[in-house]
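Below, chain A is the first sequence line, B the second, and so on; all start at residue 1.
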Protein chains: 2
Amino acid sequence: MKSPILSYLEYLHAEGKQNTAGAPAAYIPELGRVSPELFGISLATADGYTYEVGDARHPFTIQSISKPFSYGIALMDQGFDAVDRKVDVEPSGEAFNEISLTAGSGRPRNPMINAGAIVSTSLVLPEAAGRYERIRAAYSGFAGRDLSLSQEVFESEQSSGYRNLALGYLLRSFGIIEEDPSPIVEDYFKQCSLEVTCHDLSIMAATLANNGVNPISGERLLTDDVVERVLSVMGTSGMYDGAGNWITHVGMPAKSGVGGGIIAVLPGQIGVAVFSPPLDEHGNSVRGVEVCRRLSQDLQMHFVRAGRTGRSAVRCSYSVADSPSGSRRSEESRAVFNQHGGIARVYELAGDLLFSGAESVVRAVSDLEAEVRYVVLDLLRVDEVSEVAKKMIAELHSRLALEDRELLLVDPEGKLGDVDLPPELPGARVFGSRQDAIEWCEAKILTAFGTSFESPEHARIFESSLFEGLDHADALDLRSMMLERVFDDGERVLGPDESFPGVFFVVQGQVISSGTASNGRRLRLTSVNPGATFGESALIGARAGGVELTAVGRLETLFLPATAIAALEEMNKDLAIKLWRALTRGGYESLDRRLQEVAVRLGN
Amino acid sequence: MKSPILSYLEYLHAEGKQNTAGAPAAYIPELGRVSPELFGISLATADGYTYEVGDARHPFTIQSISKPFSYGIALMDQGFDAVDRKVDVEPSGEAFNEISLTAGSGRPRNPMINAGAIVSTSLVLPEAAGRYERIRAAYSGFAGRDLSLSQEVFESEQSSGYRNLALGYLLRSFGIIEEDPSPIVEDYFKQCSLEVTCHDLSIMAATLANNGVNPISGERLLTDDVVERVLSVMGTSGMYDGAGNWITHVGMPAKSGVGGGIIAVLPGQIGVAVFSPPLDEHGNSVRGVEVCRRLSQDLQMHFVRAGRTGRSAVRCSYSVADSPSGSRRSEESRAVFNQHGGIARVYELAGDLLFSGAESVVRAVSDLEAEVRYVVLDLLRVDEVSEVAKKMIAELHSRLALEDRELLLVDPEGKLGDVDLPPELPGARVFGSRQDAIEWCEAKILTAFGTSFESPEHARIFESSLFEGLDHADALDLRSMMLERVFDDGERVLGPDESFPGVFFVVQGQVISSGTASNGRRLRLTSVNPGATFGESALIGARAGGVELTAVGRLETLFLPATAIAALEEMNKDLAIKLWRALTRGGYESLDRRLQEVAVRLGN
């Protein structure tokens, strides 16, 4: 199934294409030659999954997007105190190439303006192969692939970079740079001329989102402290535009470059990268800014919103073959579930469903095996569902419907609320409990694949496990001792304190069992369906929180009373032994299934 | 148990007391008269739980901390466009009483400076009782109690507030205020003179953290959008100090007032309030700023850190009485667990353990019943554990030890790592699975409260449920057919495909059963202990993922072979019937317990 997130990005991309404002940077010829049509978006989750549209693999030079990364490397190499003595963290509110040095000290206002960025580069500890090579290698670690230089752009920058060279000498004059500034500025030009794609940048951003660890390679590039600092400075000074405006309307730390790239980071969750060369008057990609603004708004990615979400909302997932409802069924039905239970799949969700959580759900469900027809989302343990998550689940519902799959919701409290669906599409089926939803799936599976006796047909007593191994005479004997007993919907079949009245065989209808939790709450435990037996649990007599059995719908049973069993124990001991043996086997079969189910669901 | 969070706040408070820098505001006499010694801290979680130390209930005037709240009310009343036309969102970098109006339009730079705040007050829609009454009622909603005016401070402000009156007239001259500014400025003075305590302010801050819903009353005061805006503006302009510095070193949207109060908000998680009258040169509480800085650093409350956490880490909690290990035990043992299982309590955790998650754990465990001796924290489903969470759990361990309680960890992957403990305290006991930890607790419970035969003593076969209801002759008969069978540690007792070899009774030692999940992973299912039986499950024969039984330690059993049962079925049918009946009963007893346990753990 195509991911609704990818569709959303495609929609953003198509819409963004309409906007032809701005022009590519022209201060060096190489940048002016790039096609203004190029437009890519890549979104990477903090665990390294990427969604890409458009020209997301087209290379361009990183330019000023390099600034936060070199700042981070400088902090790793020199520590906070040494770096802070040389570059401040205050937004300047000025253009990227402004000479914004603090009066007196000459300390650049922040590392996101050119003066501050040249200082960062100067503070990177060179390795044997030189300072630039250290920077290139570190950036490659962020991107998860080996990056290289655009020689043309570098030469173009180098041959016209008088202003940056002037900044270098000015910084030298204040003693902020303590060596010859010329090779430092050259390394800075090389750093800015490294080629990346949207895809690369989204992984670099996701590495910041993931606390400094590249989510693909697992390599730690920055410590938590350094990531905190880098994202803080990006938050106030990353966009040349007013800091207040960006934080207010986007709320993600971000950085743009005159190459047309822009990255934005939702800490702990998402790295975003956009590439579109035409720039606005601040030097930011026009479409890039608009995409970030839309993502923040549509996907609720503002940092204020994101504070309450975790990363993954899917607690566990399994098919009905792995973990059927636990209802007591005929053996034939169980065999059908074993073989065909894979067509229904359950996802138990937990926590808050904001964008990230919903993304993890949509991603899990996008990856369905071909056979799956029913998708159950259990929202019982979900705390809060954001508007964007509601829309994503509605979109999931529509897409599943297109593939002839059906979405089922366990949502007794109506957390999903009302969502807009296409008029031709009925709302998703909602169940009050997971048990109900799974039983509904089981009924569908039996209808599709069952060969004989479960609902709506009558169950045949002679096919019951109770009769297994009996010869014809014994079977008729046993059947003759059974009484027809019918119960109305909701009628109590067996009370919690009742002692063993005998064994019931379900011909038609259903029985549910319920118990009492230690907090006094009534709990539904399991159900018994046509072809299965019940009543044996009364053998163990009264107990706290004892099990009560209730009919669901009209219930038809065949009842073998305890008195009949007692009579049998006198008159036909061999048959009585066979009966008890069958009952023992039935009990352990149920127990074994229960153990397996719990193990599947909980990884006990 | 005393909460380690409270202890930490007490430590911060004691440390902060040492700092006597700054002086209370003196621009009006009323503020100058307050004691500089007063010092309170209150921390409220987004679900409304508060931790308070010092003078957290001492009233003082809210002053500029009112600004974000009136801005929020104005946004609710007038909408974004109308408010944005009158006040911008850019940090001014200037002092609180600066006349920072945009050239030309006269629009104040942001709503956190006095000019902008007066505009916010002017935009609050008056109700019948007037504009001030509307503000007072709304603030009371944020605080969750009825707030009132300090008449003295109000009169003092009113009689010396020429500068604010000048601002009012200036705003009137630009048409930003469209009516007589004098009553608006009066209402603004009243707003600033409302009396609050640290406790009130922390609830007000927690209401912002909780997306605009007061966590105590449940009342929604602001929409999500408005909260996002208010916190964004607090983030860049809340502290008169440089915006970059605050975001970098604290990273929580915050607002201070000259009354000595300060609030900080960790979105989705925490509201902090500090009260200490001495101010620094920016007009911020000296101790207040320091406490916020320390909280951010020590508790990792910077917004960049907080992005990956959810609110509650405790997935479920239950005692061993509610949900024993599921091991098969003698009836006597089970009775002991029912009565005394409350002394061991299990907490299953999930998600990331940062401050908020760890706080929810510590809070849950701080509230233990007196009888609890063993606390099991199951970290199997925890993704990441922050340094602060490690320290908090170590602290929890020390505190539990002081109360003669023991902390047990289920942490096979060593997520908690090494934490510093007092030298006299041994590390917490670590288990590879929850099952192991619970069984360890059960052994402790049996040692303390068991009267007879479970480990280390031998189980007595005649007390087994297998022998229930047998007369002396029958019992001796049955016992005579049982063989002693001994297994070594790790020896396979029963393979997954083996058909029914008979019934084993455990005299000493333990058997564990394991199955295979659909993904091929081997799962431990349950254990069988002295006094209980096993082997019946082989009655159901070979199946996929079938159960295998293995000895743990030296295992001594009494074995009733299937051949002996068959012989009994020929020679002593009555006894055979009783035996099968007992086995059926045993099976349903196990099934019933299993159903209850799962219901307790999962609220099935």
List the atom of [X], the atom of [Y], and the distance in Å for their closest heavy-atom pair.
X        : Y        : result
A:Ala576 : B:Ile577 : CB-CD1, 3.7 Å
A:Val304 : B:Pro267 : O-CB, 3.4 Å
B:Ser590 : A:Leu591 : CB-CD2, 3.5 Å
A:His302 : B:Ser232 : NE2-OG, 2.8 Å

A:Asp225, part contacting chain B, at a heavy-atom distance under 4.5 Å: both
Whether A:Glu90 side chain and B:Asn245 backbone form a donor-acceptor pair below 3.5 Å: yes
B:Thr584 side-chain N/O to A:Trp580 backbone N/O, donor-acceptor pair under 3.5 Å: yes
Which one of [options] has the most heavy-atom pairs closer than 4.5 Å to chain A?
options                                : answer
B:Leu579, B:Leu208, B:Leu583           : B:Leu583
B:Val233, B:Val227, B:Asp574           : B:Asp574
B:His249, B:Lys573, B:Glu570, B:Gln297 : B:Lys573
B:Asp224, B:Leu231, B:Val265           : B:Asp224

Straight-line distance of B:Phe80 CZ to A:Thr248 OG1, nearest 0.5 Å: 10.0 Å
Rounded distance (nearest 0.5 Å) linking atom OH of B:Tyr588 with atom CZ of A:Phe534: 11.5 Å
From CA spacing to verdict: salt bridge (Lys or Arg N to Asp or Glu O under 4.0 Å), A:Arg581, B:Glu569: CA-CA 11 Å; A:Arg581 189 182 175 108; B:Glu569 287 172 353; 3.7 Å; yes
Which atoms of B:Asn338 approach chain A - backbone, side chain, both or neither, heavy atom under 4.5 Å: neither
